[in-house]
Every structure is written in C-alpha cells, then in structure tokens.
Colleague: 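Questions regarding the structure given below will be posed in turn.
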Amino acid sequence: MKRNDIERMLSLVDEKYIEELTESAAMEEPAEIEHYIAAEAKPVNRFRIFAGAAAVLCLCGAGLGVFLHSGILSGGREFHAMDSVTPDVPAETMAAEELSLSDLSCVEFDSSYQVMCGSFAPIMEKYHLSLTSLENGVDTSAMQMNLHDYRLKGELQGFTCELIPEGCSSVYLSMTKLIGVGNTSCLDVWGTDRRNEGTGTYVYYFSTGDGNFYILRTPYETLSPEWQDAIQTGMLDEIYALGEAMGLQPERLPDENIPVSVPDFIDGYYVLVDRISASDVTHTSSEWSDFVQIESDSFLNGFDTMSVFLYSMDDTVVSAELVFPSPLSSVLPERNGRMEIYGNIPDYTKLYEDTPMKYYPFPDGSRLYASETEANWTNGTTGFTLFYSGMTPEELVAFVTACKEHIKTPSDVKQFLSGNTFEEEDGSDLPQIHLPVQEFEEIDDAEINAEAQMEQEYEEIEN
Amino acid sequence: MELIQLYQQRSEQALTNTRSIYGNLVRHIIRGILNDPMDIEECENDTYLSIWNSIPPNVPENFQAYLAAVARNTACKRRSYLSAEKRCPNAVVSLDELEQCIADDSARVYTDTELSDAINGFLGTLRPMHRKIFLKRYWQSMTEKEIAAESGLTRVNVAAILSRTRKKLHRYLKERGLIV
C-alpha cells in the first residue's frame with residue numbers, strides 16, 4: 001500500500017464515522033498558544049484535584065499520612081481500601097532515621113495494582129526540602145490543605161520542592177511533549193495553568209540525545225514570542241539559539257550524577273540545570289536516552305513523582321526507571337530515592353486493559369510486569385510501560401532488589417522484554433495486599449461524592 | 001427551512017447559512033491539512049462551491065458529515081498542488097505515521113471498494129473512543145495535543161492509543177491480504 005492509497009483510503013471513511021466525529025468534536029476557531037497549553041492541563045488537573053482532596057482528607061485523619069487514591073484512574077475497578085500506616089508522630093519531630101517500611105501508605109485499587117505513598121513531612125525533613133512557599137510568603141499551614149499545590153520533583157540525590165502558587169488550578173504538571181526527529185531532541189514542557197495570570201511556572205525539559213538532560217524553568221509569559229513559538233514547535237536548536245540570545249543557555253553538568261536542586265535566579269528567570277543520567281544504573285549513557293521522556297505521574301498525589309522512561313533508538317527498550325520521592329527512598333538509601341526498572345501507571349491500566357500483561361517472574365517470586373504498548377508512538381522509537389503488581393512494601397523492596405540483581409545490562413532488559421521470558425498474566429493469582437485498611441465507608445461523604453462525580457466524568461470521557 | 005431544501009431550491013441563502021452554521025467545522029478540518037490562511041480561505045470557498053454543485057442531485061442523510069467529508073477531500077486535493085512548505089505539517093506527519101505503519105512495496109492496485117471496505121471495516125472494530133481519536137488524528141489531522149485537550153486525556157495516552165490503533169490497522173490489513 002502506497003501513500004496515495006492511504007490517502008484514498010482515508011477519503012473513503014464512511015459518513016457515519018464522520019458524523020460521529022463531527023458531532024463530538026469541538027470545532028472551534030484556533031486559539032492562542034496558551035489556550036492549548038491551558039487546555040492540556042485540564043484532564044490532569046481533575047485527577048489531581050480529586051486525588052488532592054483525598055489526600056487532604058487523609059491528612060486530617062491520619063496526621064501526617066498522605067496518600068492518594070484515584071479510583072477513577074483504575075478504570076472503574078472497585079476501590080477496595082486505602083490506608084495510612086504512617087506512625088502517629090508529628091511530622092516535625094520525626095527524624096529521618098525513623099522512616100521505615102511502616103511509613104508507607106498503600107492504596108489498593110484492586111488486586112492488581114497499588115500505588116505507594118507515604119508521609120510527606122518526614123520526606124521533607126529527611127531531604128531538607130526547602131519550600132519556595134516560605135520564600136513566597138505563603139503560610140506553610142496551608143501546605144497540608146493545599147498539598148496538591150506543591151510539586152515535588154525527585155532528583156537523583158535529594159529533592160526539590162516547588163510551590164505552584166495558590167489559585168493555580170493546575171495542580172501539578174501538564175506535559176507537552178514536542179519531540180524532534182531522529183536523535184536530536186526531546187522537549188518536554190511541564191506547565192502550570194496558563195490561566196493563572198502569570199504566576200505559573202513552566203518547566204522545560206531538554207534532552208540533547210546524548211544522555212544529557214536539561215531543565216529550564218521560567219514563567220511562560222515572560223518568554224518572548226519567539227521562545228513561545230519555539231516551544232510549540234519543539235525546535236530544540238532554535239530554542240537553544242534563543243536561549244543563548246536570552247542568556248538562558250542551559251548548562252551542561254559534569255558526568256557525575258549531580259542534580260542541581262537549587263534554582264538560580266537570573267534576571268527574573270530561574271534556570272535549573274539538571275541531568276538525569278542512567279550511568280549509575282547499569283549502562284553507559286551512550287546506550288541510553290537517545291531521548292528521555294519525563295512524565296509527571298498523574299496518579300500519585302501528595303508526592304509528585306517523576307517517571308523517567310528511557311528509550312533507545314533501535315526500537316528496543318532498554319529500561320525504565322521511576323524517580324520516586326517517597327519514603328521508599330528511605331529503604332533504598334543507596335539509590336537515593338530512585339527506584340529502578342519499573343514504573344507504576346495505574347491510569348494506564350484502563351487504557352491498556354485489552355493488552356495482555358506479561359511479567360517476568362523473579363526467582364524470589366517478584367514479578368516485573370510489562371506492557372509493550374507504546375511501540376512506535378513517537379518518531380519510531382519504542383517505549384513500554386512497566387507495572388508492578390500489588391505487592392506489600394516488603395515485597396516491593398524485595399522486588400526492586402531482585403531487579404537490581406538480575407538486570408545489569410541493557411541486554412538483560414531486552415531479554416526480559418523479548419517475550420521469551422515472560423509469562424502471561426491472567427490476573428487471577430496476583431499477590432494480595434495485607435495492610436491495615438481504612439474502609440471505604442469511613443471516608444467522608446464528600447469524598448465519595450467527589451469520587452462518584454469524577455468517575456462519571458471519566459466514563460463520559462471514555463464514552 | 002432545512003439547509004438541504006435551500007440547496008435544492010438553489011437559494012444562495014443555503015451558502016450563507018452553511019457558512020454561518022458550519023464555517024468553524026469546515027475551517028477546522030481544512031486547517032488540519034493546509035497551512036496557509038489564504039489557501040484555507042480558498043479551500044473553504046471551494047468546499048461550499050462543491051456542496052452547491054453536488055446538492056442536488058445528492059441528498060446527504062447527514063449534512064454535517066457530508067460537508068466535513070467534502071471539506072477534507074477538497075483540502076486534500078488542494079494540498080497535492082501545493083508546495084511542501086504550504087502543506088500543514090500536521091497532515092504530513094499524521095500521514096507519515098500511517099505510512100510507516102502500513103505502507104509496503106507492493107505494486108498492487110486497490111479499488112475504491114477494497115479501500116473503503118478496509119478502512120470502514122477496521123473502524124467498525126474499534127471502540128468508539130479509539131475510533132474518534134484515530135479519525136481525529138488521521139482523518140482530521142489534528143495533533144496529539146489537540147486531541148488530548150478535546151478528549152480529556154493526556155497526550156501520552158493519546159499517543160499510546162494511536163500507536164496501538166495503528167498496529168491494529170496493520171494487523172487488520174495484513175490479515176485480509178491488503179498489505180504484505
């Protein structure tokens with residue numbers, strides 16, 4: 001079939017499908033650039049706001065426990081339980097060393113998936129997080145109630161915490177991926193809501209294709225039209241050129257995994273240069289990250305997490321990792337909070353529900369789940385999403401340990417993902433979570449109503 | 001009075017009403033294929049002219065869908081005459097995506113019936129949401145970002161759905177011997 005045939009084929013789409021399409025489509029006049037960015041934040045916001053509300057409720061009930069539940073993201077599966085098992089110790093008095101597995105909170109969507117959360121304040125204490133809210137004169141007492149207004153970004157060593165100003169309806173991040181062709185560039189734009197009257201901060205991520213990774217943060221509206229246009233078009237070279245012209249050229253970090261966690265203010269902009277390198281995982285950077293996709297997980301709330309999916313350009317996934325600023329970091333001190341090899345994308349479980357799940361069984365019973373669902377969805381590269389099963393924290397740690405033992409090289413991962421070593425998962429024998437639970441009925445009515453409303457909206461979107 | 005009736009009566013009010021009611025739709029579709037504002041405007045006018053010339057004798061059951069199809073086909077025809085820089089990159093990219101997925105080296109000549117059966121049969125196998133996303137991308141040439149904004153999904157989700165749907169299309173065509 002040739003290109004012309006494809007064009008012909010598309011021109012022969014039945015009118016009933018066109019009718020379906022045109023009836024549902026909002027055929028609006030083109031909007032300004034910022035409209036698109038703002039609009040893009042909407043779906044994420046709704047989940048985040050909802051999850052944030054859940055987190056606030058949990059905070060009230062459990063003291064410093066913070067977690068989310070996003071039953072809507074579990075694809076309509078029954079929400080069984082959520083739990084906070086954080087110690088009943090005031091956050092400010094809890095020493096970092098006291099963090100342990102028991103700090104973990106778990107939310108169980110069903111027997112297949114869980115998300116790991118934990119207490120917020122101890123993490124901050126442990127990693128000496130500095131809240132820009134303080135600098136901005138925002139009362140920290142608002143922190144808990146507006147926990148979802150905070151953005152935590154995991155770093156390889158330590159964390160940064162950044163306030164998204166109050167009134168910003170975009171809770172976390174909305175990502176716009178503007179990916180260049182070949183091994184040239186990847187530009188991710190994380191943005192707060194543009195309707196935030198100029199207070200939102202946009203975070204631009206650059207990957208130069210050589211394993212180096214840059215972050216530029218600046219209020220979007222302070223960008224020149226050329227910059228804004230460049231961001232929209234994803235022309236990295238152009239962006240760099242413009243950046244140079246504006247004195248905003250991203251710096252390049254040395255080879256060590258040294259994240260820069262303190263933004264430097266430069267003429268009203270602040271530039272954070274960062275590098276996410278895989279070099280301390282198992283590979284040399286040249287084998288990795290022809291481009292890097294950073295995704296703000298939309299399911300974890302209270303803590304922002306950053307899934308870092310690394311793709312190779314030879315259509316073979318080499319690995320993925322999840323930067324996870326949670327108490328899990330306390331049990332994986334050697335990784336400085338970074339958990340490797342697996343991701344957790346519960347909201348994808350709905351999306352990929354008809355995709356057979358496969359898992360790699362580790363000798364200790366742990367499983368590495370993989371769903372090869374994203375092949376070739378961007379410029380010919382291959383990605384995949386890994387899931388981990390509903391494991392207890394102990395199992396999870398064992399699992400990660402097993403991953404670290406078994407996956408040493410890209411070829412290991414490739415082998416795991418080759419399909420030969422995977423076993424089909426029918427979902428019937430997934431490990432169960434045995435944690436103290438807070439019954440759903442005990443949750444505030446308002447939350448239930450909010451959940452029902454969000455579920456309904458989600459179903460509407462689905463339909 | 002129904003638009004169709006106005007067309008059948010050869011009333012120029014039909015064109016005015018069409019532009020008024022469906023102008024956004026028409027421009028939206030054309031913009032997915034063409035880039036230049038002047039081309040878009042001309043194409044929009046050509047679309048209305050095509051509608052004027054085709055109704056009667058045609059009596060579309062769904063005028064909006066009919067108009068949308070005419071608009072798209074008119075834009076596609078115009079695109080083929082334009083230089084590369086005047087083509088909408090969205091349309092080029094979306095077509096590239098499909099081409100990478102289902103194009104082959106076969107010299108086979110396809111009839112309209114074959115192609116129509118193939119695409120419509122395939123679309124019939126998709127879940128409505130995925131079908132809409134697929135058509136928005138490849139029929140309407142919307143960007144993933146625009147689709148995400150409209151659909152309430154993240155762009156990653158949209159990209160993933162498209163990827164999987166392309167794969168399904170590849171399998172569908174291959175199983176039916178339409179591609180190698």
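Chain naming here is simple, since letters A, B, ... match the order of the sequence lines and numbering starts at 1 in each. The structure presented is a predicted model; accordingly, all values stated were derived computationally and were not measured.
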Colleague: Taking side chain as everything from C-beta outward and backbone as N, CA, C, O, which of these in B:Thr113 sits under 4.5 Å from a heavy atom of chain A? Side chain, backbone, both or neither.
Modeller: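 The answer is neither part of B:Thr113.
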
Colleague: Do A:Val13 and B:Leu135 make a side-chain contact, defined as non-hydrogen atoms from C-beta onward lying under 4.5 Å apart?
Modeller: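 A side-chain contact exists here, since the closest heavy-atom pair is under 4.5 Å.
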
Colleague: More than 12 foreign heavy atoms under 6.0 Å from CD of B:Glu41: is that the case here?
Modeller: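 No, CD of B:Glu41 has 12 or fewer neighbouring heavy atoms, counting only those of other groups under 6.0 Å.
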
Colleague: Shortest non-hydrogen contact from B:Asp112 to A:Leu12?
Modeller: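 Distance-wise, the nearest heavy atoms are O-CD1, 3.4 Å.
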
Colleague: Rounded to the nearest 0.5 Å, what separation is found between the OH atom of A:Tyr17 and the CZ atom of B:Phe134?
Modeller: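 Reported to 0.5 Å precision, the distance equals 12.0 Å.
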
Colleague: Given heavy-atom pairs under 4.5 angstrom as the criterion, report whether the side chain, backbone, both or neither of B:Asn120 touches chain A.
Modeller: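 Both backbone and side chain.
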
Colleague: Nearest heavy-atom pair of A:Leu10 and B:Arg72: which atoms, and what distance?
Modeller: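 What the structure gives for the nearest pair is CB-NH2, 3.5 Å.
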
Colleague: Rounded at 0.5 Å granularity, tell me how far CE in A:Met9 sits from CG in B:Asp117.
Modeller: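 Here the interatomic distance stands at 12.0 Å.
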
Colleague: Working to the nearest 0.5 angstrom, can you tell me the gap between B:Leu98 CG and A:Glu7 CD?
Modeller: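 Here the rounded value is 10.5 Å.
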
Colleague: Closer than 3.5 angstrom, by distance alone: can the side chain of A:Arg8 be matched with the main-chain N or O of B:Ser116 as a donor-acceptor pair?
Modeller: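 Not a single qualifying donor-acceptor pair exists.
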
Colleague: Restricting to non-hydrogen atoms, name the atom on A:Glu15 and the atom on B:Tyr66 that form the minimum distance, rounded to 0.1 Å.
Modeller: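 Scanning both residues, the minimum pair turns out to be OE2-CD1, 3.3 Å.
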
